[in-house]
Amino acid sequence: MFFSRITLREDARHSSDFWPVFQNPYTLHQSIWQIFSDHPDRDRDFLYRIDKDGSKPVIYTVSAREPGKNKNLWFVESKVYEPKLHSGARLAFMLRVNPVVSKRNAQKKQCRHDVVMDMKMSLKEKGSSRNELPSIAAISHEAGWKWLSSRGEKNGFSVSKEQIRADGYRQEKFIKKKGGRRIQFSILDFLGKLTVTDP
């Protein structure tokens, strides 16, 4: 595996590719994907996180392959990443995700729902009035912990509700330029500690 740090090149603003990349979160995601996409049928084999260095984006990735180079926009620095894990190891982490749950609607069609709004709607359906509903912060923490716990069971780690913080919930909405399709997704940030159960 490889750990990479990807930053904007000093002369990136002079490239015709610069402004289209920063139209919305989706176009930035596409630009990151292109760094790793060496052919059209490539499955995604990387994770990434976008942070900031002042006003400039800094992208950190973990990938199965070394990322390609994008000479117009991005400067890519990579190193081999071989963490030595063992059962019981405790790891601190920061994670930004778009957590969803899949459910079937009345027409039996599989639909994806953001976990925070799904839990809020579930509480309303069970009879909680507006005044009785927990705050969005409390729902975010509970729904986020449940979502992350379910991922841990499948991926070799466990998390305690008291050892994580799930917050920063927000919804991103924009219109996709090509085709005019409405795009909406939700973001949740995690900070905490996990325990390795299966390296």
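Keep in mind that the numbers below use all heavy atoms, side chains included, and drop hydrogens, waters and symmetry copies.
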Nearest heavy-atom pair of Gly68 and Val76: which atoms, and what distance?
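Result for this residue pair: O-CG2, 3.7 Å.
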Any non-hydrogen side-chain atom of [X] less than 4.5 Å from a side-chain atom of [Y]?
| X | Y | answer |
| --- | --- | --- |
| Arg49 | Asp51 | yes |
| His141 | Ile164 | yes |
| Pro67 | Phe46 | no |

Counting neighbours of CZ on Arg165 that are heavy atoms of other residues, nucleotides or ligands and sit closer than 6.0 Å, is the number greater than 12?
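Check fails, neighbour count at 12 or below.
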Could you tell me how the ring of Trp147 sits relative to the ring of Phe190: parallel (under 30°), tilted (30 to 60°) or perpendicular (over 60°)?
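Taking Phe190 first and then Trp147, their aromatic rings lie parallel (interplane angle under 30°).
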Apply the side-chain contact (heavy atoms from CB on, under 4.5 Å) test between Ile6 and each candidate in Leu73, Ile50, Ile59, Val58; give the one that qualifies.
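So the option named by the test is Ile59.
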Side chain to side chain contact (heavy atoms under 4.5 Å, CB included) assessment of Val159 paired with Arg151:
CA-CA 10 Å; Val159 288; Arg151 296 306 178 276; over 6 Å; no
Going through the checks in order, is the salt bridge (Lys or Arg N to Asp or Glu O under 4.0 Å) test met by Arg170 and Asp189?
CA-CA 10 Å; Arg170 62 198 178 280; Asp189 289 327; 3.7 Å; yes
So if you build clusters from Ile, Leu, Val, Met, Phe, Trp, Tyr with side-chain heavy-atom gaps below 4.5 Å, do Val196 and Leu95 land together?
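Linked within one cluster.
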Is it possible for you to say whether Phe2 and Ile35 belong to one hydrophobic cluster, with membership spreading through side-chain heavy-atom contacts below 4.5 Å?
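No; Ile35 is not reachable from Phe2 via cluster members.
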Using a strict cut-off of less than 4.0 Å between a Lys/Arg side-chain nitrogen and an Asp/Glu carboxylate oxygen, indicate whether Asp118 and Lys146 qualify as a salt bridge.
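Salt bridge between Asp118 and Lys146, a charged N being under 4.0 Å from a carboxylate O: no.
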Verify side chain to side chain contact (heavy atoms under 4.5 Å, CB included) between Phe36 and Ser63, making sure each step is shown before the conclusion.
CA-CA 9 Å; Phe36 289 90; Ser63 58; 3.4 Å; yes
Audit row: Phe157, Asn155, side chain to side chain contact (heavy atoms under 4.5 Å, CB included) steps and yes/no
CA-CA 6 Å; Phe157 67 90; Asn155 293 291; 4.0 Å; yes
Any donor-acceptor pair under 3.5 Å linking the side-chain atoms of Ser31 with those of Trp74?
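Per modelled atom types, Trp74 and Ser31 side chains form a pair under 3.5 Å.
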